[in-house]
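Structure, as structure tokens:
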Amino acid sequence: MAEEVKSLNFIEHIIEEDLRNGFEKNNLRFRFPPEPNGYLHIGHASSICLNFGLGLDYQAPVNLRFDDTNPEKEEREFVEAIKRDVEWLGFEWDKECYASDYFQQLYDWAVELIKQGKAYVDSQDAASIAEQKGTPTRPGTNSPFRDRSVDENLDLFERMKNGEFQAGAHVLRAKIDMGHQNMLMRDPIMYRIMHKEHHRTGSDWCIYPMYDWTHGESDYLEQVSHSFCTLEFAMHRELYDWFLDQVYDPNKVRPKQREFARRNLSHTVVSKRKLLRLVQEGVVEAWDDPRMPTISGLRRRGYTPESIRNFANTIGIAKRENLIDVSLLEFCAREHLNKITPRVMGVLDPLKVVITNYPEGQTEQLQAENNPEEEELTFREVPFSRELYIEREDFREEANRKFFRLKLGGEVRLKNAYIIKAENVVKDDNGKILEVHCTYDPLSKSGSGTPESTRKVKGTLHWVSAAHAVKAEVRLYDRLFSVAEPEEDKEKDFMEFINPDSLEITTAYVEPSLAEAKPGDRYQFQRLGYFCADKSSTADQLVFNKTVGLRDSWAKIENKK
RNA sequence: UGGCCUAUGGUGUAAUUGGUAACACAGCUGAUUUUGGUUCAGUCGUUCAAGGUUCGAGUCCUUGUAGGCCAACCA
């Protein structure tokens, strides 16, 4: 047997090369660095799977680090939600870290930089600083405060820290080069004054470090070996390295930033600002609305962590732009759900069937297979009686040969039960079909072993016994946006592309075994799709969310017409 | 008028680092099936362009072209 060569993505290639060049495997360390200012979404899931996946592959620790340098936007609530989501995805972090834990060290280093003449206090307003920044094609100009003495800088910076100034009065800037090609190198701001309560440090600080100053140094303090971020930070790398140069001790691990393209999912939006609008404008119910691409939304929708991890692995990681079709996510959901979910029967749009030759008042319990994928099959009982519900779309008075379902004069198998034949219909004054009267073949009972029971009939329908069925609210979800790239059209607001039919609520009749469904329980409603009991579901009022439909080749045939 | 990044089937990602372009999804055929599900078999289709180096280029070089990113006291 030839040994299979595992193909590596470009990030794994980087690590492998570092290892080949003598980097100690034991020194490998990664991190996932969310800002606690919103909920994690499917894009983050990809990043989580990347970093924690590397940790697993290389048996290296992975830190969960909250990038909490901006108390204006960050809240403890998000910290908790993020931890819950990462855990739910199935990952364990080594250390729980906060950038705010490093505020003192960062401050001390900043003082050092001032002493070395590499940082200065600028006392201009934001507009002036922006103006002097220049443009990508025009160099910037020096601030009039650029050449303040070290002593004056030290004094001002300390007083900034002590809260002697109002927000905006001064900033601390690195002294690099206002003419640099890379605009981020044009004396970037390291600290700003903010009289804001921080979720962890309270009112200890009224100056807060900026991302660029914080992130690389945090990586360094944690001795993270590889710091992966999205492509828009590529230009930041130069600054990341510059800041590192100021504090780096060659005996320690020097973190390496590398960038990958963020993953885009079709038919959705993922920016925090836009997701927030969906919530605030009531398009969806909440951050965990099952239509949201948030991890909490996917969870409530019925996705499994395994399916999301598998999705992340399947789409891989690279540096080019991409738009991944949601159908791949749906495939991953089905693939896992098919293996693990018990099969049940539920009717979403009921049509009454009366079996005219079945004794009135009689009930029998039939054996139903729980999941054909199980290695050792298990069964449950479902009640059968004279009056049933089937799916309205499963019956037609007349239909061609391609329609395998019930039609007048035609036969069909009721799953786990009998073969029935449609004899006639009862309609109301408007011609709407109220009932279908059928006859059944008593010898055709599923699993009875009789010749009649093994007869081949083309169609098999799901059903419930009218008298025994339990009512349940079923929420049917469709994609939130009707176009693949709602953000693509710069003329139009993404809200214009909202699919008005993304949610349909129906009252379904489900088999009695479902009365025990607990929030989070997942099922396959046979012939329909996968469903998950909502967090609001109770024994008195069952609520199911549709995760995803089964593949539907009949719909394809129909749509061709 | 600048800089950085990217370009492989419809989509996403590989290609043992210069040696037969492959895997998954989607599509299409068919088989099996008490779910028009699952499973199985088959099929369609790919290296941005033009040059160059080489016995040999998706990979290296040059020049184009196209797309993305860069001027928050955000991350």
Side-chain angles (χ1 to χ4, degrees), chain A residues 5-9 13 33-35 37 67-70 72-74 122 125-126 129-131 133-140 167-168 170-173 180-184 186 189-194 207-208 210-212 214-215 229-238 259 261 263 266 272 313-325 327-332 334-335 338-339 343 345 369 372-373 402-405 412-417 419 444 446-447 453-462 484 524-529 549-558:
Chain A
V5 180
K6 192 184 178 255
S7 71
L8 305 175
N9 61 46
H13 279 296
E35 182 188 13
N37 71 340
D67 229 331
D68 55 350
T69 57
N70 186 354
E72 220 146 53
K73 305 200 287 188
E74 294 149 7
D122 196 343
D125 59 25
I129 291 175
E131 205 178 303
K133 199 116 200 184
T135 71
T137 53
R138 207 185 348 268
H170 309 277
V171 291
L172 184 77
R173 301 177 70 178
H180 201 106
Q181 292 269 27
N182 183 350
M183 293 194 63
L184 291 159
R186 323 242 258 229
I189 293 172
M190 295 172 68
Y191 278 93
R192 75 286 212 190
I193 298 168
M194 272 175 134
I207 55 171
Y208 290 94
M210 300 288 289
Y211 166 84
D212 286 299
T214 310
H215 202 92
C229 60
T230 46
L231 241 33
E232 66 266 28
F233 290 98
M235 299 296 291
H236 293 247
R237 190 152 106 198
E238 196 171 8
E259 310 82 18
R263 329 301 320 195
S266 76
K272 283 172 188 165
N313 288 335
T314 304
I315 62 181
I317 199 83
K319 294 185 81 164
R320 50 179 150 164
E321 276 145 56
N322 56 80
L323 182 67
I324 296 140
D325 202 293
S327 66
L328 183 58
L329 215 210
E330 293 171 347
F331 165 81
C332 292
R334 288 191 195 102
E335 184 182 45
N338 174 53
K339 290 189 187 114
R343 314 288 129 125
M345 293 194 285
E369 201 174 68
E373 303 285 322
K402 285 198 169 175
F403 186 79
F404 300 163
R405 286 110 106 134
V412 89
R413 156 78 61 185
L414 292 178
K415 180 78 185 170
N416 304 315
I419 294 172
S444 66
S446 287
S453 73
T454 52
R455 257 175 65 213
K456 300 288 177 203
V457 285
K458 196 63 183 165
T460 301
L461 305 185
H462 61 279
Q524 185 199 92
F525 286 14
Q526 282 185 115
R527 301 214 306 133
L528 297 174
L550 257 25
R551 259 187 76 216
D552 190 351
S553 43
W554 167 242
K556 280 178 201 160
I557 296 168
E558 283 275 276

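First the proteins, then the strands, lettered A, B, ... as listed; each starts at 1.
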Worksheet item: Do other residues, nucleotides or ligands put more than 12 heavy atoms under 6.0 Å from A:Glu232 CD?
Response: yes
Worksheet item: Expressed as a whole number of Å, how far does the P atom of B:G45 sit from that of B:U63?
Response: 36 Å
Worksheet item: Contact class for A:Leu323 vs. all strands (heavy atom < 4.0 Å): base, sugar-phosphate, or nothing?
Response: sugar-phosphate
Discussion item. Need one value for A:Thr69: base, sugar-phosphate or nothing, where a base atom within 4.0 Å counts as base even if backbone is also close, heavy atoms only.
Written reply: sugar-phosphate
Discussion item. Ignoring hydrogens and geometry beyond distance, is the side chain of A:Glu369 in donor-acceptor contact with the base of B:U34 at under 3.5 Å?
Written reply: no
Item to complete: Go through B:A26, B:G2, B:U35 for me and flag the one nearest to the A:Gln181 side chain.
Response: B:G2
Discussion item. Just to be sure I understand the rule, does A:Leu328 reach a base, reach only the sugar-phosphate, or reach nothing, if contact means heavy atoms closer than 4.0 Å?
Written reply: sugar-phosphate
Fill in: Nearest-Å distance once atom C1' is located in both B:A71 and B:U17
39 Å
Item to complete: Answer with base, sugar-phosphate or nothing: what part of the nucleic acid does A:Tyr191 contact at a heavy-atom distance below 4.0 Å?
Response: nothing
Worksheet item: Considering only the P atoms, how many Å lie between B:G30 and B:A21, rounded to the nearest integer?
Response: 31 Å
Item to complete: Syn or anti for B:U63, please, going by whether the chi angle lies within 90° of 0.
Response: anti
Item to complete: Quick one: label A:Gly447 by what it contacts on the DNA or RNA (base, sugar-phosphate, nothing), any heavy atom closer than 4.0 Å.
Response: base
Worksheet item: Taking the same atom, P, in B:A49 and in B:U39, what whole-Å distance lies between them?
Response: 37 Å
Discussion item. Under 3.5 Å, is there any donor-acceptor pair linking the side chain of A:Arg405 to the base of B:G36?
Written reply: yes
Worksheet item: A:Ala318 has a side chain; which of B:U13, B:C74, B:G2 sits nearest to it?
Response: B:U13
Fill in: Of A:Gln524 and A:Met235, the one whose closest RNA chain B nucleotide lies more 5'
A:Met235
Fill in: Nucleotide nearest A:Lys415 when distance is taken to its side chain, options B:U34, B:A26, B:C74
B:U34
Response to the item:
With the side chain defined as heavy atoms from C-beta on, A:Lys319 is closest, among B:C5, B:U35, B:U8, to B:C5
Item to complete: Remember a base hit wins even if backbone is also touched, and classify A:Asp67 as base, sugar-phosphate or nothing at under 4.0 Å, heavy atoms.
Response: sugar-phosphate
Discussion item. By the 4.0 Å heavy-atom rule, please label A:Lys458 as base, sugar-phosphate, or nothing.
Written reply: nothing
Worksheet item: Quick one: which of B:C74, B:U34, B:G37 gets closest to the side chain of A:Ser553?
Response: B:G37
Worksheet item: What is the ring orientation for A:His236 with A:Tyr211, classed by angle as parallel under 30°, tilted 30 to 60°, or perpendicular over 60°?
Response: perpendicular
Discussion item. Is the shortest side-chain heavy-atom distance between A:His215 and A:Thr69 below 4.5 Å?
Written reply: no
Worksheet item: With a non-hydrogen cut-off below 4.0 angstrom, is A:Leu8 in contact with a base, only sugar-phosphate, or nothing?
Response: sugar-phosphate
Worksheet item: At under 4.0 Å between heavy atoms, what does A:Lys272 touch on the DNA or RNA strands: base, sugar-phosphate, or nothing?
Response: nothing
Worksheet entry | Sugar-phosphate only, base, or nothing, as touched by A:Ala126 at under 4.0 Å among non-hydrogen atoms | base
Item to complete: Mark yes or no for a side-chain to base donor-acceptor pair under 3.5 Å between A:His236 and B:A75, with no hydrogen or angle criteria applied.
Response: yes
Item to complete: Could you tell me whether the side chain of A:Arg173 reaches within less than 4.5 Å of the side chain of A:Ile129, counting heavy atoms only?
Response: yes
Worksheet item: Taking the side chain of A:Ser7 as its heavy atoms from C-beta onward, which of B:C28, B:A14, B:C74 lies nearest to it?
Response: B:A14
Item to complete: Answer yes or no: side-chain N or O of A:Arg413 and base N or O of B:U34 forming a donor-acceptor pair under 3.5 Å.
Response: yes
Worksheet item: Touch check for A:His215, heavy atoms < 4.0 angstrom, all strands: base, sugar-phosphate only, or nothing?
Response: nothing
